[in-house]
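Each remark here refers to the structure printed beneath this line.
Computed from heavy atoms alone, side chains included, the values below leave out hydrogens, waters and symmetry copies. Naming: A, B, ... by sequence-line order, numbering from 1 per chain.
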Number of protein chains: 2
Amino acid sequence: MKGLRRRPTDAELAILRVLWTRGPSTVREVAEVMGREAGYTTILKLMQIMTEKRLVRRDEAARTHIYEAAYTEDQTQRHLVTDLLDRVFDGSAAKLVIQALAAGKTSPEELAEIRKLLREKVRGTESAGEDVRGAGAPGGNEDRRGRQ
Amino acid sequence: MKGLRRRPTDAELAILRVLWTRGPSTVREVAEVMGREAGYTTILKLMQIMTEKRLVRRDEAARTHIYEAAYTEDQTQRHLVTDLLDRVFDGSAAKLVIQALAAGKTSPEELAEIRKLLREKVRGTESAGEDVRGAGAPGGNEDRRGRQ
DNA sequence: TTGACACTACGAAGAGCGTCGTAGATAATC
DNA sequence: GATTATCTACGACGCTCTTCGTAGTGTCAA
């Protein structure tokens with residue numbers, strides 16, 4: 001239970017989703033968005049635990065605390081993908097991509113987008129050889145930021 | 001705890017990996033491959049539970065039972081990818097692909113492979129409109145096979 | 001036949017997760 | 001100032017996961 005970086009649970013992810021779309025929020029606000037997905041105190045407790053785990057940050061200045069996701073959606077997505085890559089794809093991104101495309105119905109627009117991205121990426125890889133950064137991931141998240 | 005299709009846990013995945021590479025195996029064989037990752041009885045217990053969950057099949061003909069993965073590696077990979085897609089990527093395969101490529105260092109060879117796959121897939125999508133099958137996934141896994 | 005050994009079955013313990021009830025403190029309302 | 005509403009904190013329960021010890025049973029060799 002130490003400061004090991006582990007993956008968020010399903011319930012935690014549900015809360016993070018709200019935090020990502022709404023931005024910094026109170027427990028009540030999160031609870032309202034989630035509807036009857038879970039009770040108020042359940043969400044409160046979860047968010048308290050997430051604070052301990054450093055999954056969210058809490059502003060206790062006012063009586064009603066304000067919570068904020070500690071990691072961006074991009075960072076979390078990347079973390080989770082990396083995890084899945086290691087656990088079941090033997091680290092091969094190609095295999096994962098293949099399954100992702102085989103699994104869901106991907107729209108032609110999405111396919112086009114992916115191809116475009118790949119073209120850019122190939123250019124970058126060929127010239128730089130190793131350095132992979134700089135081609136992808138729209139939304140500006142270059143920071144990789146230390147562990148805990 | 002009913003027959004709901006859920007994702008295998010980490011420990012279960014470790015066992016499945018052995019089963020996938022070795023084929024049908026006894027508990028001892030799995031334990032040997034896994035080294036001191038876990039004790040013998042731990043693995044035994046896990047595999048018993050996995051049998052109940054229908055994650056593996058067990059041949060009890062001989063005294064020493066023989067276990068076999070109930071789902072192929074491909075099927076499981078697809079299941080897990082779909083799950084991740086739904087939980088954190090809002091169903092967008094494109095986003096997932098982007099993160100997968102941004103996350104790990106993908107070799108130029110792999111990139112080429114992915115691009116080739118995409119070319120084929122685009123052709124199929126444009127003509128058929130919906131039917132996505134038939135383009136990819138080397139390793140022969142056309143079967144989709146019923147739930148439990 | 002009697003050990004020594006291998007294998008399965010069973011049970012339990014400890015941790016994490018998700019759920020919620022309730023208590024206690026603070027703010028708002030009349 | 002008293003009542004009501006709102007919010008956090010705490011503790012507990014049931015469940016799953018992982019781990020392992022131990023018991024029971026079958027197998028084989030000396």
message: Within this structure, what is the CG-CD distance for the pair Leu118(B) and Glu113(B), rounded to the nearest 0.5 Å?
response: 11.0 Å
- request: Under 4.0 Å between any heavy atoms, over every strand shown, what does Ile49(A) touch: base, sugar-phosphate, or nothing? Just pick one.
  value: nothing
Using the 3.5 Å cut-off, write out each protein N or O paired with an N or O of nucleotides 4-7 of chain D and the distance between them.
from	atom 1	to	atom 2	distance (Å)
dT6(D)	O2	Arg63(A)	NH2	2.6
dC7(D)	OP2	Arg28(A)	NE	2.3
dC7(D)	OP2	Arg28(A)	NH2	3.2

task: Look at the side-chain N and O atoms of Gln48(A) and state whether any lies under 4.0 Å from the OP1 or OP2 oxygen of dA9(D).
output: yes
message: Would you say Lys45(A) places a side-chain N or O within less than 4.0 Å of OP1 or OP2 belonging to dC13(D)?
response: no
Any Thr41(A) side-chain N or O less than 4.0 Å from OP1/OP2 of dG21(C): no
- prompt: Closer than 4.0 Å, any side-chain N/O of Thr9(B) to the OP1 or OP2 of dT18(D)?
  reply: yes
Side chain to side chain contact (heavy atoms under 4.5 Å, CB included) against Asp90(A), all qualifying residues, sequence neighbours excluded: Lys95(A)
- request: In whole angstrom, give the distance that lies between atom CG of Asp59(A) and atom C1' of dT8(D).
  value: 15 Å
message: Set out, in order, the CA-CA distance, both residues' side-chain angles and the distance that settles side-chain contact (heavy atoms from CB on, under 4.5 Å) for Ile49(B) and Lys45(B), then state yes or no.
response: CA-CA 6 Å; Ile49(B) 293 174; Lys45(B) 179 73 164 186; 4.2 Å; yes
Rounded distance (Å) that lies between atom P of dT19(D) and atom CD of Glu12(B): 11 Å
field: Separation of atom CG in Leu55(A) from atom P in dG18(C), rounded to whole Å
entry: 11 Å
field: Separation of atom CE in Met47(A) from atom C1' in dT8(D), rounded to whole Å
entry: 12 Å
- prompt: Atom OH of Tyr67(B) to atom C1' of dA9(C): distance rounded to whole Å?
  reply: 10 Å
Donor-acceptor contacts under 3.5 Å from residues 13-23 of chain B side chains, at least two apart:
from	atom 1	to	atom 2	distance (Å)
Arg17(B)	NH1	Arg87(A)	O	2.4
Trp20(B)	NE1	Tyr71(B)	O	3.0
Thr21(B)	OG1	Arg17(B)	O	3.2
Thr21(B)	OG1	Val18(B)	O	3.1
Arg22(B)	NH1	Ser25(B)	OG	2.8
Arg22(B)	NH1	Glu29(B)	OE1	3.4

task: Side-chain contact test, heavy atoms from C-beta onward, threshold under 4.5 Å: evaluate it for Tyr67(A) versus Met50(A) and give yes or no.
output: no
field: Minimum side-chain heavy-atom gap Glu12(A)-Lys53(A) below 4.5 Å
entry: yes
Residue-phosphate contact under 4.0 Å: Arg6(B) side-chain N/O, dC17(D) OP1/OP2: yes
- prompt: Should Arg7(B) and Asp10(A) be marked as a salt bridge (charged side-chain N to carboxylate O under 4.0 Å, His left out) after you check the CA-CA gap, both sets of side-chain angles, and the distance that decides it?
  reply: CA-CA 12 Å; Arg7(B) 47 183 184 278; Asp10(A) 282 357; 2.7 Å; yes
message: Is Arg7(A) close enough to dC17(C) that one of its side-chain N or O atoms is under 4.0 Å from OP1 or OP2 there?
response: no
field: Atom-to-atom span, CG of Leu46(B) to P of dC10(C) - whole angstrom
entry: 17 Å
query: In whole angstrom, what separates Lys53(B)'s NZ from dC15(D)'s P?
result: 15 Å
- request: Starting from P on dT19(C), measure out to CD1 on Ile43(A) and report it in whole angstrom.
  value: 9 Å
